[in-house]
Amino acid sequence: MIAAGAGILRPAFAQSVALQQAPMPTPHPKVATSAKSTERAADFTLRIAPMMVELAPQVVISTIGYSNKVPGPLLRMREGLSVIVEVVNDTDVPEYVHWHGLLIPSEVDGAEEEGTPPVPPHSRRRYQFVAKPAGSRWYHSHTAAMMDLHRGAYTGQFGFLMIDSGNDPGLYDQEVFLALREWEPYLNTMDQDEEPADPNDPMPEKPATPDARPNGLEVGAPLYSINDKMLGAGEPLRVQLGQRVLMHLLNASASQIHRIALFGHHFQVIALDGNPVPTPQPVDVIEIAPGERVDAIVEMNLPGVWILGELRDAARQSGMGIVVEYANQAQPRPQWIPPPTAKARWDYTIFGKPAPHPPPDQTIDMVFEKVPGGPHGINHWLVNGKEYPHDREFVFRQGGRYRLVFHNRSDDAHPLHMHRHLFELVELNGKPTAGIKKDTVIVPAFGRATVDLIADQPGLTLFHCHIQQHMDFGFRALFRYA
Ligand SMILES: [Cu+2]
């Protein structure tokens with residue numbers, strides 16, 4: 001279990017606990033009788049199968065998960081080593097497991113668009129790759145869901161994947177893994193996670209005349225959890241005064257951006273998407289979009305019983321939170337006190353550094369637009385005026401430096417993800433920055449983000465919005481190498 005209480009790992013024991021969590025390789029007859037007699041045993045096995053999740057007493061949902069755990073087993077591996085993950089698919093449909101944030105070939109990346117073979121129904125497939133780069137990665141289903149809200153990212157098929165470099169300074173007393181999730185999705189016309197637009201936002205991509213067409217159906221959810229428990233239903237995160245707690249936050253949601261706070265405590269953000277930031281900074285609120293990870297250290301210096309939770313009351317009261325309990329506290333009820341609004345804005349650029357970027361070899365503009373309420377009443381999405389696949393429109397030359405300019409001409413924020421590559425933030429809504437390496441970036445409503453990328457991973461490369469419905473309905477593009 002990686003439920004908060006059970007998942008608290010002291011650094012000295014982290015490795016051994018992780019090994020327990022990651023099942024030992026299981027020999028399978030098929031493998032043993034394979035023509036390749038030299039084939040080595042898998043380092044990890046994941047079994048995709050239907051399962052039940054008890055989110056709270058008498059709140060039990062049915063989903064598909066990995067090895068009967070939500071999140072799936074923690075896969076902890078050493079940077080630079082070759083690993084084999086054997087995936088057994090005990091369902092009736094083909095599946096893909098995507099290794100999010102890893103720099104690995106298209107054949108094993110886990111995306112149909114890139115040509116990765118599926119894990120066939122009631123069969124198995126081995127993914128073998130070299131674990132890199134170090135940091136907080138994750139794995140999840142990359143199957144299209146379309147109108148089926150029981151497939152792909154709507155299921156419990158997600159888990160943490162940590163790549164250790166061996167030079168982790170370990171300046172913390174506890175390490176916890178917190179995955180944010182919603183459950184039982186349904187279609188509605190509300191966009192649940194949208195904060196009202198800040199009038200101070202520059203909105204450089206806002207059109208002169210607003211789109212008057214009615215919005216289509218979005219994916220909402222009635223239930224939320226951190227890992228597999230709703231707020232108050234799981235073990236609290238038990239801490240002691242003066243401890244430094246390293247939190248690995250992951251937004252494993254299919255549809256919602258989340259904002260998280262813990263009254264009276266600061267999150268010292270040390271890494272974004274698993275990559276150390278040039279300027280670690282304390283913040284009161286962490287904003288995290290589907291696909292993103294934030295690593296932060298929290299110094300426990302305000303004894304009490306607190307709620308680490310979503311800023312939106314509706315989401316928090318429907319489960320998005322976890323109790324943080326200091327030792328020896330008599331206080332019975334966990335307290336939620338929202339952070340001061342003025343401090344609640346999230347800005348990636350504060351974690352960067354001022355530095356010039358080398359000029360790119362080529363600048364690629366990508367314009368994103370919404371077609372409200374298309375077929376099935378679902379919004380469709382255009383990249384440069386077209387839906388997927390953009391055949392041969394985006395071509396990298398190996399070794400080239402590319403500047404991608406994301407123009408978001410829609411009223412939603414989108415977490416844009418590039419497979420198999422890291423990019424460096426250059427500018428966000430006109431604010432320059434450098435040194436922040438990510439694989440997923442939120443482009444605010446009517447906003448603009450610019451990133452630089454070195455094309456050093458030959459092979460088909462999928463780019464998409466990490467909101468499952470947006471990806472399924474057009475918000476995707478395939479990059480190829482010349
Ligand atoms: Cu999107």
Side-chain angles (χ1 to χ4, degrees), residues 94-119 125 127 129 139-146 151-153 254 273 290-291 360-371 374 378-410 414-424 438-441 443 449-482:
E95 269 296 345
Y96 295 87
V97 185
H98 170 50
W99 316 96
H100 186 129
L102 278 75
L103 308 178
I104 55 175
S106 316
E107 299 74 49
V108 289
D109 188 51
E112 181 179 18
E113 296 88 337
E114 295 173 351
T116 312
V119 189
R125 183 171 293 282
Y127 290 85
F129 50 81
Y139 62 100
H140 61 86
S141 167
H142 211 289
T143 310
M146 305 306 288
R151 288 208 72 189
D273 292 351
D361 298 313
Q362 191 190 337
T363 297
I364 299 175
D365 283 282
M366 302 181 80
V367 176
F368 312 112
E369 294 167 291
K370 173 156 76 175
V371 183
I378 305 283
N379 299 321
H380 284 241
W381 299 89
L382 307 177
V383 179
N384 291 356
K386 304 174 282 296
E387 290 191 33
Y388 179 80
H390 308 88
D391 196 30
R392 297 181 196 283
E393 182 175 345
F394 303 110
V395 180
F396 290 144
R397 196 169 293 280
Q398 189 172 349
R401 171 179 278 270
Y402 291 86
R403 180 155 296 171
L404 309 180
V405 187
F406 303 138
H407 305 265
N408 179 5
R409 301 221 171 120
S410 79
H414 299 283
L416 303 183
H417 173 45
M418 181 71 82
H419 280 230
R420 306 176 51 247
H421 294 74
L422 290 178
F423 50 65
E424 181 181 358
K438 292 181 71 27
D439 54 56
T440 307
V441 62
V443 188
T450 302
V451 304
D452 275 6
L453 171 154
I454 310 273
D456 55 2
Q457 299 290 327
L460 293 172
T461 300
L462 185 63
F463 166 89
H464 62 91
C465 176
H466 218 282
I467 293 173
Q468 175 92 44
Q469 190 192 39
H470 298 180
M471 174 175 77
D472 288 347
F473 291 93
F475 209 141
R476 270 185 299 168
L478 197 56
F479 283 72
R480 56 182 77 234
Y481 278 70

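For the single chain, residues carry numbers from 1 onward in sequence order. Since this is a predicted model, take the numbers as computed values, not measurements.
With 3.5 Å as the limit, one finds a donor-acceptor pair spanning the side chains of His419 and His142. Checking Thr143 against Glu95 by side-chain atom types alone, a donor-acceptor pair falls below 3.5 Å. Of the N and O atoms on the side chains of Glu369 and Ser410, not one donor lies less than 3.5 Å from an acceptor on the other residue. The closest side-chain donor-acceptor pair between His421 and Asp439, if any, does not fall under 3.5 angstrom.
Taking every heavy atom of both residues into account, Phe475 and Val383 meet most closely at CD2-CG2, 4.3 Å. The minimum heavy-atom distance linking Pro117 with Arg125 is given by the pair CB-CZ, 3.5 Å. Between Pro94 and Arg151, the closest heavy-atom pair is O-NH2, 3.0 Å. Heavy atoms only, all atoms of each residue included: Asp472 and Met146 are closest at OD2-N, 2.7 Å. Between Ser141 and Gly152, the shortest heavy-atom contact is OG-CA, 3.4 Å. Contact record, Cys465 with His414: SG-ND1, 3.7 Å, taken as the closest heavy-atom pair.
Thr440 places no side-chain N or O within donor-acceptor distance of the main-chain N or O of Lys438, the cut-off being under 3.5 Å. Side-chain atoms of Trp99 do not come within 3.5 Å of backbone N or O of Phe129 as any donor-acceptor pair. Under a 3.5 Å cut-off, the side chain of Asn384 and the backbone N or O of Asp365 do form a donor-acceptor pair. Using a distance-only test at 3.5 Å, with no hydrogens or angles considered, no donor-acceptor pair links the side chain of Asp456 to the main chain of Gly399. For the pair Asp361 (side chain) and Arg401 (backbone), a donor-acceptor distance under 3.5 Å is present. A donor-acceptor pair under 3.5 Å links the side-chain atoms of Thr116 to the main chain of Ser106, judged by distance alone.
Ring centroid separation for the pair Phe463 and Phe406 comes in under the 6.0 Å cut-off.
Within the 4.5 Å cutoff, the side chain of Glu113 has heavy atoms near those of the Arg476 side chain. Between Pro118 and Glu112 the shortest side-chain heavy-atom distance does not fall below 4.5 Å. At a threshold of 4.5 Å between non-hydrogen side-chain atoms, the residues Val441 and Pro415 do not count as touching. At a threshold of 4.5 Å between non-hydrogen side-chain atoms, the residues Thr461 and Met418 count as touching. A heavy-atom distance below 4.5 Å is not found between the side chains of Phe368 and Val443. Gln469 places a side-chain heavy atom less than 4.5 Å from the side chain of Ile378. Counting heavy atoms from C-beta outward, Asn379 and Phe473 have side chains that stay 4.5 Å or more apart. The shortest distance between side-chain heavy atoms of Val119 and Tyr127 falls below 4.5 Å.
Within a 6.0 Å sphere centred on CD of Glu387, other residues, nucleotides and ligands contribute more than 12 heavy atoms.
Distance check: Leu404 CG to Gln362 CD gives 9.5 Å after rounding to the nearest 0.5 Å. The distance from atom CG of Leu102 to atom CD of Gln457, rounded to the nearest 0.5 Å, is 10.5 Å. Here OG1 of Thr450 is found 12.0 Å from CD of Glu424. Values are rounded to the nearest 0.5 Å. Remark: Leu382 CG to Tyr388 OH distance equals 16.0 Å, nearest 0.5 Å. Note that the CG atom of Leu103 and the CG atom of Leu422 stand 5.0 Å from one another [nearest 0.5 Å]. Separation of atoms CG (Asp109) and CD1 (Ile104) is listed at 5.0 Å; rounding is to 0.5 Å.
Comment: Asp452 engages Arg403 in a salt bridge, judged by a side-chain N to carboxylate O separation of less than 4.0 angstrom. Note on Glu393 versus Lys386: salt bridge recorded, some NZ/NE/NH1/NH2 to OD/OE distance being below 4.0 Å.
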Determine whether Arg480 and Asp391 satisfy the following criterion, salt bridge (Lys or Arg N to Asp or Glu O under 4.0 Å), listing intermediate values before the conclusion.
CA-CA 9 Å; Arg480 56 182 77 234; Asp391 196 30; 2.9 Å; yes

ring-ring contact (aromatic ring centres under 6.0 Å, His included) between His100 and His466, intermediate numbers included
CA-CA 11 Å; His100 186 129; His466 218 282; 5.1 Å; yes

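Between His470 and Trp381, the ring planes lie tilted relative to each other; the angle falls in the 30° to 60° range. Ring-plane geometry between His417 and His98 is classed as tilted, the angle between the planes lying from 30 to 60 degrees on a 0 to 90 degree scale. Taking the six-membered ring for Trp and thresholds of 30 and 60 degrees, Tyr402 and Phe396 have ring planes inclined between 30 and 60 degrees apart.
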